[in-house]
Amino acid sequence: MSAAEPPRQYVPLTCHGHSRPVPHLSFSPLEKDDMYYMISACKDGNPMLRDGQTGDWIGTFIGHKGAVWQARLSPNSTNAATASADFTVKIWDTHTGEPLYTIQHNHIVRAIAYPPDNSDLIATGGNEKILRVFDLTETPNPTQNGNPAVPAVIESTRGFEIGEGTHKAPIKFIAWTKDPNIMVTASDNTLRWFDLPTRACVRQEVLDGEIRSCELVSLAPAYTSPDDIGGGLPVLAVAAGKWVYFWGGPQAMDEIKRMELKYTIASVGLDLKGRKLVVGQEPGTWARVIDWDTAEELETHKGHHGPIWSIAFSPDGKFTALASCSGRRERSEATVDTKENQNHGTSVGKTPRSGKSVAFKVPDGSEKISKTSTAANTTGNGAGGGHKGKDTGNLQRDGPHSGRQIKDKDTVAHHNKGSSNVQRESKRSERGKRDESFQQRVRDEGYARGGGKEHRCEDEKEAAFSQWDGEERFY
């Protein structure tokens, strides 16, 4: 009789770079040579693009003036869409990092979604309580005029409103089902299914508590099987209160299972092939792995310093990504049968991978030259090491770290041989007065709090991020 196999250890790959909470992340579909990418939204207003298999930082999209609530990649991975508290949705060219379109709204935008096989349509929703669909082909692409740096502006009135007057609360999630005629929204404690040809709500479900997570989970066709959860079709995974819910079928209308847990759930992810679910509890900082068939808790992933607001599985099912309100993201092995333990970035007892440059492979197999922006490089750290930017565009380039960037006036003065202690003290005093003034605004107006602490803004831009962020926050 052979000895029992020791329990497998999961070493997280920590992806640094964000400076504020990360409310959402998602993977791209599977690309050529089994490559895929990951994009994360952040309340610092700077969504980031990474290699989905290694966690290596590829670039940061610069242009929003408020917190970014959601970020998704188009079905062909050539575009990225981001929903922001600055009342806009931006469509980005992932080859160059330049903004292609700015879709204006009249309030904070919380949710976006692409159809499963069309990169020219985008659905939006948010605090306006209006679900819209925009056809990007109706607006000329700015690159056709030879000026890609100036995005085309699309007014909200250009969108097709779906289910007029149906939503009574902000729309926080949108899922476009495998049937492109059906779309699902999550608003307050209610799920609604909409038929796009008639623009009518055809079904709704009232759940046990506010919906905190609602994502359509799927694998790449090459990795699906009839034995998977959902029979090889995408599954709608929803967390509300202490319950998790799952719907399957082409229109995500067939309820597969619902499960009650002992704690409030902030997010849920589903391992279709491994028949496990991962939940982030609230309050708490742990991710719990639960057996799909028995509801038994299998293990606990620790390491985050705040609630886990978003969980996503890669299109090959090999990795799961978790986003936290601590501003930290982690990736860990998802499949039990994957024996390789990887550690990327800060390591304990292991040597991290080299921080070599990673180019974005576009669908035609060519390499994308990612542009960089010194102003955008908050920490400059990818999973494989730091990155030093050059002021040449909106998308930062992944590259070897040759020195920590100097960020504030104090540090500049410290490194300036001609500066004096009096100059440094003067600058510190000036910044201290500015911080004191801002903290008084925090106390008076009640915004810019993160994880139970008052967030310290160093300049007007960051103060604007916090102000947009303050109207609705997870914590």
Side-chain angles (χ1 to χ4, degrees), residues 6-16 18 20-27 38 40-43 55 208-215 217 237-246 257-272 274-314 317-336 338 341-349 383 450-453 473-475:
R8 191 166 318 284
Q9 295 182 350
Y10 299 87
V11 181
L13 313 178
T14 303
C15 303
H16 300 284
H18 287 304
R20 295 292 312 280
V22 183
H24 185 258
L25 54 78
S26 60
F27 284 96
M38 179 173 66
S40 56
C42 184
K43 292 185 179 181
D208 185 54
E210 181 185 359
I211 298 172
R212 310 304 293 273
S213 174
C214 175
E215 296 287 340
V217 185
V238 181
K242 296 183 178 181
W243 287 81
V244 285
Y245 305 80
F246 304 94
K257 175 175 282 193
R258 62 176 65 191
M259 186 185 304
E260 185 178 18
L261 303 179
K262 299 177 181 178
Y263 36 79
T264 303
I265 305 164
S267 57
V268 59
L270 185 60
D271 184 356
L272 298 174
R275 303 186 72 82
K276 295 177 293 186
L277 55 141
V278 181
V279 299
Q281 71 176 78
E282 184 194 8
T285 61
W286 296 350
R288 300 182 183 272
V289 183
I290 299 171
D291 185 272
W292 168 267
D293 298 301
T294 65
E296 175 187 359
E297 187 173 311
L298 302 176
E299 54 195 283
T300 302
H301 294 317
K302 304 178 182 180
H304 280 290
H305 302 286
I308 297 169
W309 296 120
S310 183
I311 302 174
F313 277 83
S314 61
K318 294 180 180 179
F319 294 96
T320 179
L322 302 91
S324 169
C325 89
S326 62
R328 173 183 180 184
R329 291 181 299 146
E330 290 185 353
R331 298 176 63 257
S332 60
E333 293 287 353
T335 53
V336 175
T338 302
N341 287 327
Q342 304 180 67
N343 197 5
H344 220 58
T346 304
S347 62
V348 179
K453 296 171 121 184
R473 51 186 183 270
F474 283 112
Y475 30 83

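- For the pair Asp271/Val278, no side-chain contact is recorded, criterion being any heavy-atom separation below 4.5 Å from C-beta on.
- For the pair Thr285 and Gly306, the tightest heavy-atom approach, listed with the atom from each and the gap, is CG2-N, 3.5 Å.
- A donor-acceptor contact shorter than 3.5 Å links the side chain of Ser267 to the backbone of Ile308.
- With sequence neighbours left out, the side chain to side chain contact (heavy atoms under 4.5 Å, CB included) criterion links Val268 to Ser213, Ala237, Ala239, Val244, Phe246, Leu277, Val279.
- With Ser310 contributing its side chain and Ala323 its backbone, the two residues share no donor-acceptor pair below 3.5 Å.
- Taking Glu210 as the reference, Lys172 meet the side chain to side chain donor-acceptor pair (under 3.5 Å) condition, with sequence neighbours excluded.
- Scanning for salt bridge (charged side-chain N to carboxylate O under 4.0 Å, His left out) contacts around Glu297 gives Arg288, with sequence neighbours left out.
- Put simply, CG on Leu322 and CG on Leu25 are 7.5 Å apart, with the number rounded to the nearest 0.5 Å.
- Considering all non-hydrogen atoms of both residues, His18 and Ser40 come closest at NE2-OG, 2.8 Å.
- Within the model, atoms OH of Tyr245 and CZ of Arg258 stand 5.5 Å from one another, a figure rounded to the nearest 0.5 Å.
- Between Arg20 and Cys42, the shortest heavy-atom contact is O-SG, 3.2 Å.
- Proximity of Glu260 to Asp208: side-chain heavy atoms (C-beta onward) are nowhere separated by under 4.5 Å.
- Considering NE2 of His304 and CH2 of Trp309, their distance stands at 12.5 Å, rounded to 0.5 Å.
- Other residues, nucleotides and ligands contribute more than 12 heavy atoms inside 6.0 Å of the CH2 atom of Trp292.
- Residues His301 and Val289 meet the side-chain proximity criterion, which asks for heavy atoms closer than 4.5 Å.
- Counting only heavy atoms from C-beta outward, the side chains of Ser26 and His24 approach each other to under 4.5 Å.
- Taking each heavy atom of Lys43 and Pro23 in turn, the nearest pair found is N-CD, 4.2 Å.
- Leu261 and Ile265 get closest at one heavy-atom pair: CD1-CD1, 3.5 Å.
- A distance of 11.0 Å separates CD in Glu299 from CD1 in Ile290, rounded to the nearest 0.5 Å.
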